[in-house]
Each structure stands twice: as structure tokens, then as C-alpha cells.
2 protein chains.
Amino acid sequence: MLEINDAFNSDHNHDHCVSGALDNAKAICQENGQRLTPIRELVLRLVWGSHKPLGAYELLPALAEAGFNSAPPTVYRALDFLHQLGLIHKIGSLNAFVGCSNPEHPHPSAFMICTECKTAAEIETSELQASFNRVANSHGFQLEEENIELLGLCKDCLGSES
Amino acid sequence: MLEINDAFNSDHNHDHCVSGALDNAKAICQENGQRLTPIRELVLRLVWGSHKPLGAYELLPALAEAGFNSAPPTVYRALDFLHQLGLIHKIGSLNAFVGCSNPEHPHPSAFMICTECKTAAEIETSELQASFNRVANSHGFQLEEENIELLGLCKDCLGSES
DNA sequence: CAATTATTGTTATATTATAACAATACATTT
DNA sequence: AAATGTATTGTTATAATATAACAATAATTG
Ligand SMILES: [Zn+2]
Ligand SMILES: [Zn+2]
Ligand SMILES: [Zn+2]
Ligand SMILES: [Zn+2]
């Protein structure tokens, strides 16, 4: 059962993604005794504005519009906070951030990323996990974190090629 | 048969890695009608100085010492050249580059990376490939490139913990 | 040799990220 | 509520990573 979020389904109700993410964030902050301050919530909303990973500097204008300080440390602090709680992932090859679809269950960062429309869809890795563990174990490597990026063309972009 | 290079074997003869990499580079440049100029060869040697990924700016001093121009574009051009021929990989989460152990056979970038000693050991992904293809196919995704990073502690660093 | 192309040199700038410290807001104790 | 300590945000400066643009040189081709 390989699951994925709805990122590549252009018909999905994205408001559900956002409201779900906000609900998750509130619950997780609660559990961890952390505060989802206005800045943090705004940054989370902005990151969840779409399923396309956003760079830190792309968030600054919206912070300014909302009346907050919009210097880099402000947004990086919020991103670090959200990242540490597992509410967002960082896509290393893009230097960009995207919302986590399932923060209630901590898991590695694993995405299919469309190089055309830039959409990043999170992959459920439980099946892959066995393979990774086998590779690691066979070399005495203690696996602690994973960054998995599958790059290519999503269904929609394949369909609309020249 | 999961294979790996000798990166995590501290006893390995690293001169073999370097000379092999140089031989491969010369052959591949030949086949592709490209020139392994002195700058490009030096950058490749520097990247192969160890199995620890190096940032572009870490290479500049050595370029200067060797009498070359040592401005960023020089090293980025050489890195881009080597990357396009598959002679080196870029580790996205580190913004750093490491030599490819098997450039004769183009393949995705896949590494185990020790967060303690910084060594990056390339993983043979043919077994994982089936899983990745299955995930991609099941979502109509046309897989074109992969960046796989497994982070953790290598055998040696596990053994010498406090 | 002349013309063309590839490579390198050079200067400037764009992009991404963090350090350091001050000011404010929040929480806790009295 | 006032005092205290902690967490968060504001602010300025700078570090680290990467590219744009054009000039100069070297290599290749005709
Ligand atoms: Zn959505
Ligand atoms: Zn996630
Ligand atoms: Zn070696
Ligand atoms: Zn390789």
C-alpha cells in the first residue's frame, strides 16, 4: 500500500490540506509544549500555499504585508521551528521548504518532485524502509535520517507536452 | 548484491580510488569528445582528496596555490563539467561535491553519509530501483533523476563513541 | 594563417543562511 | 500586581553559496 498525498491531483480540495496542516500543527505544538505564534502560523500557511516547495526568501514579502518584521532571521527561525517539529520538510536540492503531509508520525523526507510544474508530492516510505535498513545494516551503518528525492515529470505535465 | 565503494573502510588504498577516478575521467572525456583540462583535472583530484564531500569554496585555495585563477566561476565551471559527465555527484543537503565511484555506468546519486566523520559512501541502487520505479509508475510519474541520502553514523564512528 | 569555437580570467552581483545583540512579550513566582 | 526569568521577535551586519556578463586567451578547424 503505497500512499501519497494529493499534490499531483490538481482537482483536490487544497483547503483541506491547509486546514488539516493547521490542525496538526496546533495539536503537535500542544503535545510538545511549544507555541504556534502568529509568525509561525503564517509561515506554515505560506508554505502550505501550494504543494510547490518555497524558498525562505519567497516568504519575506508576505511577512512584510502582514505587518511583521521581514528580515531573513525571522523567517528562518519560523522555518527551523516548524522543521524541528516535523511540520515541514526541506528539499535539499532546491533549498526550499514544503509542508509535511503526515507530521503526526515522524518519518523521513521523501518526495517525487516534478521538474516542470515544481510540485512535490510526499511519498510513503514504509516499503522502501526495509531496503534502506538492509543496505545500512549490511555496512554497520546506523541509519538516522533520510532525504529521498525522486525527480521527473508528473502525470499532468507528461500529458501536456509539446 | 548490494555494493558500495570503500569509503567506510579506513584501511583501503585511497591512491587506487584517485588513480581509478582519473583513468575513468580520461576515458569518459575521450568518449564524449571533451577535454580534461588542467583545471578540471585538478578539481577532480581535489574532490577525490578524500571521501568527504567538499564545498566549492573549499577548493579555491588549492586552485590559487596551483597558479590558477581562483574566483568562484572557475571552480563552479569545472564542477559543472565534471557533474555533467557523471564524474562527481552533488550532495544536496550539504551543498558539497564528491567523486563518483562508478562513472562508466550512469546512475542516480545515492549515498550513506556519516554525520560524524562526514564520509560519504556511494550505494549501489539497483535493488532499490525496482521500488522507486514502482512508486513512480503507480502515480504516472516519469522518473528521471534521483537523489538518495542516508544519514547516520558509520561503523567506525559508532565504535568510537563516548 | 584566418576564422571559429572552447576555455579561462575578471568583475560584479544574486541567492541562501547565520551571528550577535537589543527589545519585547510571555510565563512564573512572590 | 510587581518582580523575575525565559522565550520570542526585531534589527543590523555579515557569512556562505552560486551565477551573470563580458573580456582575454587557447585550442581547433578550414
Ligand atoms: Zn493540497
Ligand atoms: Zn512528511
Ligand atoms: Zn578511497
Ligand atoms: Zn556515482
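Every chain is numbered from 1 and lettered A, B, ... according to where its sequence line falls, protein lines coming before strand lines. Only this structure's heavy atoms are used, side chains among them; waters, hydrogens and symmetry mates stay out.
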Would you classify A/Arg35 as touching base, sugar-phosphate or nothing, given that sugar-phosphate means primed atoms plus P, OP1 and OP2, and contacts are heavy atoms under 4.0 Å?
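Since only primed, P, OP1 and OP2 atoms lie under 4.0 Å of A/Arg35, the category is sugar-phosphate.
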Is B/Phe97 close to B/Pro53 at the side-chain level, that is, under 4.5 Å between some pair of heavy atoms?
no
How about B/Glu58 and B/Lys52: do any of their side-chain heavy atoms sit closer than 4.5 Å?
no
Rounded to whole angstroms, how far apart are [atom1] on [X] and [atom2] on [N]?
{"X": "A/Phe97", "N": "C/dT16", "atom1": "CZ", "atom2": "C1'", "value": "9 Å"}
{"X": "B/Leu36", "N": "C/dT8", "atom1": "CG", "atom2": "P", "value": "10 Å"}
{"X": "A/Phe81", "N": "D/dA7", "atom1": "CZ", "atom2": "C1'", "value": "11 Å"}
{"X": "A/Asp80", "N": "C/dA17", "atom1": "CG", "atom2": "P", "value": "10 Å"}
{"X": "A/Phe68", "N": "C/dT24", "atom1": "CZ", "atom2": "P", "value": "17 Å"}
{"X": "B/Leu59", "N": "D/dA18", "atom1": "CG", "atom2": "P", "value": "11 Å"}
{"X": "B/Leu85", "N": "C/dA6", "atom1": "CG", "atom2": "P", "value": "15 Å"}
{"X": "A/Leu42", "N": "D/dT9", "atom1": "CG", "atom2": "P", "value": "11 Å"}

Proximal nucleotide (of [options]) relative to the [X] side chain:
{"X": "B/Pro73", "options": "C/dT8, D/dT11, D/dA20", "result": "D/dA20"}
{"X": "A/Asn69", "options": "C/dG9, D/dG10, D/dT17", "result": "D/dG10"}
{"X": "A/Ile39", "options": "C/dT16, D/dT9, D/dT17", "result": "D/dT9"}
{"X": "B/Tyr57", "options": "C/dT16, D/dA18, C/dG9", "result": "D/dA18"}
{"X": "B/Thr74", "options": "D/dT9, C/dA17, C/dT10", "result": "C/dT10"}

Scan side-chain atoms only and decide if A/Glu144 and A/Gln142 contain a donor-acceptor pair under the 3.5 Å cut-off.
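Yes, a side-chain donor-acceptor pair sits under 3.5 Å.
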Measure the acute angle between the ring planes of A/Phe132 and B/Phe132, then classify it against the limits of 30° and 60° as parallel, tilted or perpendicular.
tilted
Would you call the rings of B/His14 and B/His51 parallel, tilted or perpendicular, taking 30° and 60° as the class edges?
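Perpendicular, since the angle between the ring planes exceeds 60°.
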Side-chain N,O ([X]) to OP1/OP2 ([N]) below 4.0 Å:
{"X": "B/Tyr76", "N": "D/dT19", "value": "no"}
{"X": "B/Thr37", "N": "C/dA6", "value": "no"}
{"X": "A/Asn95", "N": "C/dT15", "value": "no"}
{"X": "B/Arg40", "N": "C/dT8", "value": "yes"}

Between A/Lys90 and B/Gln34, which residue's closest nucleotide on DNA chain C lies nearer the 5′ terminus?
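Closest to the 5' end, via its nearest nucleotide, is B/Gln34.
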Assuming nearest nucleotide by heavy-atom distance, tell me which of A/Leu94 and B/Pro38 is located more 5' along DNA chain C.
B/Pro38
